[in-house]
Protein chains: 2
Amino acid sequence: MQKDLPELRLLTTPTAQLQVSGATLVDVARVAGVSPITVSRALNQPHLVRPNTLAKVQAAVQETGYAKNMQPGALASSRSKLVALVLPTISNQIFADMVQGTSDTLTEAGYQLLLGFSGYEEWREEILVETILSRRPDGIILTGTLHTDSTRRRLQQAGTPVVETWDMTASPIDTVIGFSHEEVGHATATHLLQRGRKRFAILTAGDPRAARRNQGLQVALAKQGISVMATHTAAVPGTLPAGREGAARLLDAHPDLDAIVCSSDNLAHGALIEAGSRGLDVPGKLAVMGFGDLNFSSHTVPPLSTVRVDGARIGAAAAQAILERLDGAAKAQPARSVNTGFELIQRGSS
Amino acid sequence: MQKDLPELRLLTTPTAQLQVSGATLVDVARVAGVSPITVSRALNQPHLVRPNTLAKVQAAVQETGYAKNMQPGALASSRSKLVALVLPTISNQIFADMVQGTSDTLTEAGYQLLLGFSGYEEWREEILVETILSRRPDGIILTGTLHTDSTRRRLQQAGTPVVETWDMTASPIDTVIGFSHEEVGHATATHLLQRGRKRFAILTAGDPRAARRNQGLQVALAKQGISVMATHTAAVPGTLPAGREGAARLLDAHPDLDAIVCSSDNLAHGALIEAGSRGLDVPGKLAVMGFGDLNFSSHTVPPLSTVRVDGARIGAAAAQAILERLDGAAKAQPARSVNTGFELIQRGSS
DNA sequence: CTGTTAGCGCTTTCAA
DNA sequence: TTGAAAGCGCTAACAG
């Protein structure tokens, strides 16, 4: 029994791609003998449709081979079900963890993730934000709180929910979720000083937040009259071999170091391997501190100590914040700050 | 001189979000004194517009504060400028590298990346593909060549360019870009056998492609009458501590092992650290092989040997393949297979 | 619970 | 080089 099925239309677009256009809502409606809006409801808010009608629609969907198309709906409703995430790079495990946390949360809520990279450059971020905005996402998650004025302005006037992550600030664009990097540096200093460390070196990647942690470390050390003996800066992202090489340089120049503070676990593992190859006792003679110690993608091993931050949690919380802003929009919620904190993981008896 | 600027319209959507709707093409056209389509051309194909007109449009854009909106254009032209990437997880460095390579290539071409995770589960992939398709991306990049029949069918009928990656197959959905995992296993066996290794263990994560590499390894070893002494399987993704623990178990059970073949560099680094803590000479007494050795996010250190695969290159090539299919669509290009190969990195004199 | 009407904001097509 | 008309496929708002 062949009802009036929509014929397969062959469309040749000007860019000359030959494509098969499938059935539309209208086609389904015709076959089901209802109106298009009823099909829309049956598909998206089935509880608003009588079971009987629902069944007819479902049958028609089968018969026509209808495939959902969110694009027109997004246009008509101004809800794209898309959330954008702007990262400096994915080549750092903490960001990989964050992506997973963000994506999982969004997927569960029926949203999808648009991903873009700024390469730690503000001007790139500015262009990227503009491009992203042109897609009208339902929310934007940014890394850090350092943006050009123009980016901030653009984001504010767009009226899209924005979450800044991995940091704290007194003047957020909208919502911030993260922790204080100065505090991390301070806590690291306290931790190592309490254990009698006196001869410090910093092994860091050229990342603005790492710089702030180092700053916090140095300020806290200075209060005890201690200054860092040497700093080695590696390119972003800090890799394991770069960590090994950096540690080698530091130890060559200062064989009596008793603490190397690294800006990432990758660098720290490199340092650990270098120390091992020199027969240095870690953490007996030399303490090595990392940063990260993630859930999904990487974990440190003893005898490394590290600062644990939960990238997946930050990502999930950021996504959650967007979602809440979206459905609670009427309540005009105020901007929020969420401090996710960090945790110092001590290993060995150093 | 206040021309008839569009007033800022306050829209209250049913979901009750208060948002400011900006100027549209029509607004710009009115201010510029031209037709909407001319504004569209001035913005997207400026070479088709007289410089004089162009200037008027640009001035009007300034004056109205017009912000580009791709959504209606995507609907009207069936070109979303969106490419989707489906990964099992991001918690594996090789995929992180791939994301970066894909994103960089797409961004340069004015496209953006939609990212989704299947968690190594076919049914998740199937749902994800359906959701992705409902957004009408211009292309889809998948991981591996193992998909449900229904996924394959759906993808084919959608008429969207598809690239399968990280593998080779005789029956691609469309295009494949990757290498043979059996060959990797074979090459690894040959390499180690040539260096006199006889007592093998496998340290692997439960990943289908890793399984195929192990398979290739074992087949090649069997030809020399050698069988693997033990296999330790860790959860995906293989982490450094898991590698260390797995190596410990293997070495406890078989102290005389002379080769541990790992399914990732993460696991291998863990094994290396364990070997170091036992005072085992690597690679003198024990060879440790990794897999990955990436460009962006991770590199192995000596004395680890490894199989190098270029995730960023695979990602970039996949994006490129989509783009080519898009603009050369008229030529109805045939499906292609690209073997990106791999490279065995030998370190130490083992 | 279901339908009617009127767009969402841009692009395509064809004509001038 | 520019414009007019006609959608793209779906949803909002309101009426029945």
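Values below: every heavy atom of this structure, side chains too, minus hydrogens, waters and symmetry copies. To find a chain, count down the sequence lines: A is the first, B the second, and so on, and within it residues start at 1. Since we're looking at a predicted model, the values are computed, not measured.
- Remark: side-chain polar atoms of B:D27 are paired, donor with acceptor, to backbone N or O of B:T24 under 3.5 angstrom.
- Taking only side-chain atoms of B:T24, from C-beta outward, the nucleotide of C:dC10, D:dC10, C:dC1 with the closest atom is C:dC10.
- OP1 or OP2 of C:dT2 has at least one side-chain nitrogen or oxygen of A:R50 nearer than 4.0 Å.
- Under a 3.5 Å cut-off, the side chain of A:T131 and the backbone N or O of A:I127 do form a donor-acceptor pair.
- Here A:S40 reaches the OP1 or OP2 of D:dT11: one of its side-chain N or O atoms lies under 4.0 Å away.
- Contact annotation: side chain of A:R136 to base of C:dG9, donor-acceptor pair absent below 3.5 Å.
- The pair A:R152-A:D149 does not count as a salt bridge, with every side-chain nitrogen at least 4.0 angstrom from each carboxylate oxygen.
- Remark: P of D:dC10 and CG of A:D27 are 9 Å apart, rounded to the nearest angstrom.
- For B:H47 and D:dT2, the NE2 to P distance is 12 Å, given to the nearest whole Å.
- Straight-line distance from the CG atom of B:L54 to the C1' atom of D:dT2: 14 Å, rounded to whole Å.
- Taking atom CG of residue B:L75 and atom C1' of nucleotide C:dG9, one finds them 9 Å apart after rounding to whole Å.
- Map B:A76 and B:G33 each onto its nearest nucleotide of DNA chain D; the residue landing nearer the 5' end is B:G33.
- Taking the side chain of B:N44 as heavy atoms from C-beta on, and the options C:dT11, D:dA13, C:dG9, the nearest nucleotide is C:dT11.
- Remark: C1' of C:dA6 and CD1 of A:I37 are 12 Å apart, rounded to the nearest angstrom.
- Under 4.0 angstrom from either OP1 or OP2 of D:dG3 there lies at least one side-chain N or O belonging to B:T38.
- If you take CE of A:M70 and C1' of D:dT11, they are 13 Å apart, rounded to a whole angstrom.
- Residues B:Q45 and B:Q71 both approach DNA chain C. Their nearest nucleotides, taken by heavy-atom distance, put B:Q71 toward the 5′ side.
- Taking atom CG of residue A:N69 and atom C1' of nucleotide D:dT11, one finds them 13 Å apart after rounding to whole Å.
- At distances below 3.5 Å, at least one donor-acceptor pair connects side-chain atoms of B:R135 with backbone N or O atoms of A:S80.
- Counting only heavy atoms from C-beta on, A:P72 has its side chain closest to D:dG9 among D:dG9, C:dG3, C:dT11.
- Between the CZ atom of A:R79 and the C1' atom of C:dC8 there is a distance of 15 Å, given to the nearest Å.
- Heavy-atom minimum distance, A:R136 versus B:N69: NH2-CB, 3.4 Å.
- OP1 or OP2 of D:dA4 has not a single side-chain nitrogen or oxygen of B:S35 nearer than 4.0 Å.
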